[in-house]
Structure formats: C-alpha cells, structure tokens
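Below: the structure, in structure tokens.
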Amino acid sequence: YQRRVHGEPDTPQLRQFVAAQGANMGYTVLSSSALYSALGSFGGVQGIPHAFVIGSDGKCLFAGHPMEPEFQDAIEAACPVKVTASEAELAAMSVRELKTLLTKGRVDFADCVEKADLVRRILDRLT
C-alpha cells in the first residue's frame with residue numbers, strides 16, 4: 001500500500017483537502033514534519049515530490065522523483081503479479097495472454113516452445 005508524508009503540520013486545511021479528495025486519493029496521507037525530516041535525511045531528499053518504494057523485505061527499491069521511469073519498475077517489483085487461475089483456465093487462454101502475464105510478472109519465457117510450457121512457467125513462478 002502507499003503512504004504519503006507531508007512535511008506540514010496536521011491542520012484543518014490539510015484534513016479538509018484529504019476529505020474532499022475522497023476515493024480519488026488512492027493513498028494514506030501522513031502529516032509529520034519530524035517523519036518527513038527523518039525520511040529526507042534517510043534518502044537524501046532535496047525536493048518534492050519524492051517517492052520511496054520499499055519492498056516486502058524492507059529494502060529500498062527506489063528513491064527519487066515519481067515521474068522517473070524507474071519508479072514504475074520499482075512499484076511492479078514491490079507488488080509482483082500473482083495468478084490465481086487454474087491450469088485449465090490458463091490452458092484456455094491465448095498464447096498472447098499467457099505471454100502478457102509472464103511479461104507483467106517479469107518472468108523470462110524465451111525457452112518456452114509450446115503453449116503448455118507457458119502455462120507451466122506461470123504455475124511455477126506466478127502462483
């Protein structure tokens with residue numbers, strides 16, 4: 001999930017802004033000048049916006065401006081694709097759909113020759 005930290009104090013204006021965003025705000029806003037300062041010294045933040053992507057193992061996968069192309073790569077790495085389809089459901093999919101799943105999951109399939117190879121790779125790596 002996402003957390004956004006603002007360096008300003010918790011004010012009625014900030015609360016009003018967040019409330020007005022409603023469902024359009026797909027993240028939680030934390031307001032803490034102390035936490036913002038700590039994150040800044042941790043990641044060398046010199047300007048805003050600045051994003052950190054922390055993996056489930058606690059390692060920092062990205063620190064920088066969220067418009068940098070590496071940001072999306074880090075998000076995808078932190079939130080890997082999980083497939084819940086059964087073997088029969090996967091077998092009913094097209095080769096293109098199977099390759100798309102593998103590509104999104106960042107799984108190499110260059111050595112897969114048959115459709116069944118793609119299905120097996122998905123079951124082995126993405127479930």
Side-chain angles (χ1 to χ4, degrees):
Y1 59 63
Q2 294 183 38
R3 297 270 191 235
R4 299 251 173 127
V5 179
H6 291 266
E8 59 191 78
D10 186 14
T11 63
Q13 293 85 356
L14 179 61
R15 287 178 181 260
Q16 182 180 7
F17 170 78
V18 171
Q21 296 302 308
N24 292 328
M25 188 167 279
Y27 53 87
T28 302
V29 175
L30 301 174
S31 178
S32 167
S33 55
L35 182 56
Y36 188 79
S37 295
L39 286 175
S41 62
F42 161 73
V45 176
Q46 296 182 358
I48 56 172
H50 195 93
F52 294 94
V53 177
I54 309 298
S56 60
D57 59 358
K59 292 181 181 175
C60 183
L61 302 175
F62 175 86
H65 194 286
M67 294 304 291
E68 293 177 26
E70 296 85 2
F71 175 67
Q72 188 60 40
D73 293 340
I75 292 290
E76 291 172 8
C79 305
V81 172
K82 290 291 182 192
V83 175
T84 58
S86 69
E87 185 171 359
E89 291 169 323
L90 290 169
M93 296 172 78
S94 71
V95 170
R96 177 178 280 175
E97 290 171 314
L98 297 171
K99 287 181 176 181
T100 298
L101 283 174
L102 289 162
T103 300
K104 286 183 178 179
R106 298 177 176 273
V107 175
D108 182 47
F109 55 89
D111 61 328
C112 294
V113 179
E114 300 291 331
K115 182 177 179 179
D117 298 333
L118 296 171
V119 170
R120 178 57 40 209
R121 184 67 49 89
I122 290 169
L123 292 171
D124 289 346
R125 303 273 180 87
L126 297 178
T127 57

Met67 CE to Gln72 CD distance, which is reported to the nearest 0.5 Å: 10.5 Å
Heavy-atom closest contact (Gly105 atom, Leu126 atom, distance): CA-CD2, 3.9 Å
Closest heavy-atom pair and its distance - Phe71, Pro66: CD2-O, 3.2 Å
Leu118 and Met93, any side-chain heavy atoms less than 4.5 Å apart: no
Validation row: Thr103, Phe109 side chains within 4.5 angstrom (heavy atoms): yes
Distance in Å, Arg120 CZ paired with Leu123 CG, rounded so as to fall on 0.5 Å steps: 5.0 Å
Atom pair CD1 (Ile122) and OG1 (Thr127), whose distance is rounded to the nearest 0.5 Å: 9.5 Å
side-chain contact (heavy atoms from CB on, under 4.5 Å) assessment of Leu98 paired with Arg121: CA-CA 10 Å; Leu98 297 171; Arg121 184 67 49 89; over 6 Å; no
Separation of Thr84 OG1 from Leu90 CG (nearest 0.5 Å): 9.0 Å
NZ (Lys115) with more than 12 external heavy atoms under 6.0 Å: yes
